Structures are given as C-alpha cells and as structure tokens.
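Just so it is clear, the structure is predicted and the values come from calculations on it, not from any experiment. For this chain, numbers begin at 1 and follow the sequence in order.
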Amino acid sequence: MTQAAPAERRPDRWLILAVICLVQLVVILDNTVLNVAVPSLTKELGATTAQTQWVIGTYSLAQAGMLIAAGGLADRYGRKLVQMIGLVLFGVGSLGGALASTPGQLIAARAGMGVGGSLLLATTIALVVRTFDAEEQPKALGACMGVGSLGFALGPIIGGALLAHFWWGSIFIVNLPVCALGLLAVAKFVPESKDPQGERPDLLGALLSIVGLVAVVYAIIQGPGYGWTSARTLVPGAIGVVFLAAFILWERRTPHPLLDMAFFRNARFRGAVSGGVLVSFGMGGSLFLLTQHLQFVLGYGPLEAGLRTAPMALTIVLLNLTGLGMRITSKLPAPVAIAGGLSLMAGGLAAIAVLGRHGSYPGIMLGLLLMGAGVACAQPAMAGSVMSSIPPEKAGVGSGLMGTLSELGNSLGVAVLGAVLTAGFAASLPTGVPKDAARSLPEALATAGPRDAHQVANGFADSLTSAQLIGAVAVLLGGLLAAWLIGRVAAGAPAGGQVTGPADAGPSEARPAAAG
C-alpha cells in the first residue's frame, strides 16, 4: 500500500494521539493504583486477603475476557463509538467503586470498570493506525507504549498520594473528570472508523473464556483458605478447566473465532506471547506483593510506599518515552534484547526479595531500577516480534490477543503469588493461632497477641520473600522461552507449521500501513 504523503497528514493527529494516550493512561493506572490501598481496604471494609485479590484481579480478568471481543465490536460498529461507550462504563464503574460499602460491591464495580477499560484499550492501536501514516506510526505507537508503562508504574505513587490526604474512595473519584474530559475530546477530535463488513463478534467464545478464567482463578485464590483438595476448590477449578477446553474446541470450529488458533503456529508469535504472559504474571503478582512488603514489613505509609516505587517509573520514562531504550535494543537481535531485558527484570525482582527482606530500601531501589530498565528494553522487542509475526491486516487482532493474555498473566500473578503468600504464611503461624488468620497480617497479629507478634511478622516477611522469588523465576523463564522461540525463527529453524507470507516478514515489511 502506498504511504500517505505528508501533505495528507491530519493537522490535529498529535492532539488525537494525546487524547488516546490520556484515555489509555487512566485505564492502565487502575491496574496498580489500588495496590497501596490493601491495608485501607482491609481495615475500613473488613476485606480479607482473598477479597482484596479479587478487588485487584477482577479488573484485569474482565479486561482479559472482553478485550478481543471488544475489538470485534469496534471494527463492526465504529471504534470512536466503542471508545465513547467504554468511557461511560469506566466512569460509572469508578463512581460505583467510590460509593461501595462492602468488598462485594467494590468487586462488582471493578468488574464494570474492567469491561469499560477493555473497550478503551481494544481501540487504541486501531485509532493510531487510522490516524498516522506508516512513517509516523512507530513514533506514535512508541508513545502509547511509553504511556502504558508509565501508567503501570505510577499507579502506586498516585494511589499513595491520594490515600495520604483523602479516603480510599478518592482513588476512583479522580477518574470521573478524566472520563468526562476524555468523552468530550473523543467526540470532538477522534475520527470515526469502522468496517461494516467486519467479522461478527464471537459472543459464545467470550462467554466460555470469561466463565472458565473466573472459575480457575477463584479456585486458585480460595485454595489456601479452603484447602487444595476441598470441594470448594476442586469444583470451581474443574468447571474452569471444562469451560476453557470447550472454548478451545469452539474456537477451532467457528468461522469467526474470538481467538484465531492459527497465530500460534508461528514460533515468533508464540515466543512473544509466552514471554508477555510470564512477564505479566511476575510483574503483576510481584508489585502486588511489593506494596504489602513496603507497608506491612517496612512500616511505610501509603504515600511513602508509593513514592518508593518511583525509581522504576522514572527509569521507564527516561528510557522509553525518550526512545533511548528502543534505540539501544534496535541494534540488538530480538532474542538478545528480550532475554537481556527480562533478565534485568528478574534480577530486579530477586534483589527486592533478598536485599529488601531485612528492611534495606537501597536494595529495593536497586531492584526497581533494574526492573525499569528491563521493561524499557524488552517491551519494544516483544511488540516488534508480535507485529512482524502476523499478517498486516491482522495487526489489531494480534495486539488485542497480546493484551488479553498479558491481562490474564497479571491477574493470575496476583492470584497465584497471593495464594503462595497465604499458604506460606498459614504454615508459619505459631501453634494455637488458627490457620484462617493468615487471610491478612493485621488479623493474624490480633489473633496471636503480643507474645507471638514477632514470629507472626517474620513468618509473613519470609512468605513474601518466597512469593517474590517465584515471580522473579517466572519472568526469567519467560525471557528465556521467548528468546529461544524467536531465535529459532531467526536462525531459520522449522517453526512448527508457522504461517507463511506476511507473517514471516521482518518488522519493516509487517508494519501496517495507514488506513485511508
């Protein structure tokens, strides 16, 4: 396709990008902004550890289940329209979260926010491609990537600042003016685009995947409390497995699948996706644990804990938004850039777990710096691998799939590492303290009394360290797996039925051209 001439470029394209980035920022912020509110939720709403995991994980699960279906709706009915509906749903969910008086109400509000967020994130890449020509798309997509990374890292800081001066519901109230501003800006500046002949949304596939994922994660979260062999754990787990198996079978039969299984025949795509899932697993779960580490173990307040995560955010800003990280990694083969970046991230997580165990914040800061550098190095390389492994006309679907699996990895990371923390903590409790007191550290301390308080606190810290190290191993394995699979393609090894043609083109050939 012929590249659009500079004279044909929209004069307001950078303003449109700013609007898209603003909307994306508030959605991604809400992935981590609640992490520092865990003690407040535990105290003011009486939430257990499992309930706080659901408050945080439900948001990601709703996005994971709806993201690709939302992309199909946007293609068929209009990306601008779907983005405006997403802003309304996200705002209504935020208001419901601020007014919630029970953990159950808050979980429901977060689910609504997740659905709205999926509509917003599913349209980001498509709108950028429709607005920018092929020459400017890498710069625009790089800006979106930088904003996404920044939002994920700044969540605890903003959450801590709000909790230091206002009640926990303020975390949701601040979304309302952003949603209102975004709604007006999208209506005025963002162009409408749609494909009336687009594929029908796979509603049955979406339903099967949502039920399956929710049931499996429910079993993982409740396992430590009820026991892994309890019927209350095994039954929902079995239901989840059955629904996910039905989902896979349906996707292989339906002419308009929610998840095109053909993508996974490409080794480069498998590598990038596998790495992304494990990175999200380790990052999401470990940041969930880190905020508890800073507050429960080191004794920092919400704002202090949030500010102490700033080194990671600042590193991402310096390397990603300035393009320095992309310029460095672009000179390296993709497998080397991915393995190196994810090794840095794993090393950072391990440094936090080991060096921060005995109250050493400099060790935690070192870990955060390494994590930020790793994100900035690995993320562009993995995104480039995804974009170069699928046909150009499927770039939006591929991006949506990557986002879906990343959200799934994030929510599973919170669930699995939270379950590891709870199980280890329960095993470390002194004799005479009931195991269900491990649902939260304050409850365990109140149950144990002053005599056993030191043992309880040490048991919680040791369990945190173990869970954080598991997150580090997950990230490292993700880097090695992604580098190995992508390296096989680069070396010309058989890709196991990999897609031919555009899917095997290099990054320059696979870059989607601007839509007319």
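Proximity of Val216 to Leu244: side-chain heavy atoms (C-beta onward) are separated by under 4.5 Å at one or more points. Here the side chains of Val475 and Met371 are not in contact, with every heavy-atom distance at 4.5 Å or above. Using a 4.5 Å cut-off on side-chain heavy atoms (C-beta onward), Leu476 and Leu342 make no contact. Taking 4.5 Å as the limit, some side-chain heavy atom of Phe172 sits within range of a side-chain heavy atom of Leu106. Using a 4.5 Å heavy-atom threshold, the side chains of Lys80 and Val186 count as touching.
The heavy-atom pair separating Leu99 from Gln105 by the smallest distance is O-OE1, 4.5 Å. Pairing each heavy atom of Ala111 with each of Thr58, the nearest pair is CB-CG2, 3.5 Å. Met84 approaches Leu183 most closely through the heavy-atom pair O-CD1, 3.6 Å. Closest heavy-atom contact between Ser170 and Leu162: OG-CB, 3.6 Å. Glu192 and Leu81 get closest at one heavy-atom pair: OE2-N, 3.3 Å. The two residues Ser428 and Ser463 make their nearest non-hydrogen contact at OG-OG, 4.5 Å.
Take Val27 and apply the side-chain contact (heavy atoms from CB on, under 4.5 Å) test, not counting sequence neighbours, and it matches Tyr59, Gln63, Phe90, Leu120, Leu121.
Note that CD of Gln83 is 10.0 Å distant from CD of Gln24, once rounded to the nearest 0.5 Å. Once rounded to the nearest 0.5 Å, the distance linking OG of Ser94 with CD1 of Ile171 reads 11.5 Å. From Asp462, atom CG reaches atom CZ of Phe460 across 11.0 Å, with rounding to the nearest 0.5 Å. Between the CD1 atom of Ile248 and the CZ atom of Phe243 there is a distance of 14.0 Å, given to the nearest 0.5 Å. Atom CG of Leu289 sits about 10.0 Å away from atom CG of Leu349, to the nearest 0.5 Å. To the nearest 0.5 Å, atom OG1 of residue Thr254 and atom CG of residue Leu203 are 10.0 Å apart.
A donor-acceptor contact shorter than 3.5 Å links the side chain of Ser343 to the backbone of Ala339. The backbone N or O of Val115 lies less than 3.5 Å from a partner atom in the side chain of Ser118, making a donor-acceptor pair.
Applying the salt bridge (charged side-chain N to carboxylate O under 4.0 Å, His left out) test to residues at least two apart or on different chains, the pairs with a partner in residues 90-117 are Asp30-Arg110.
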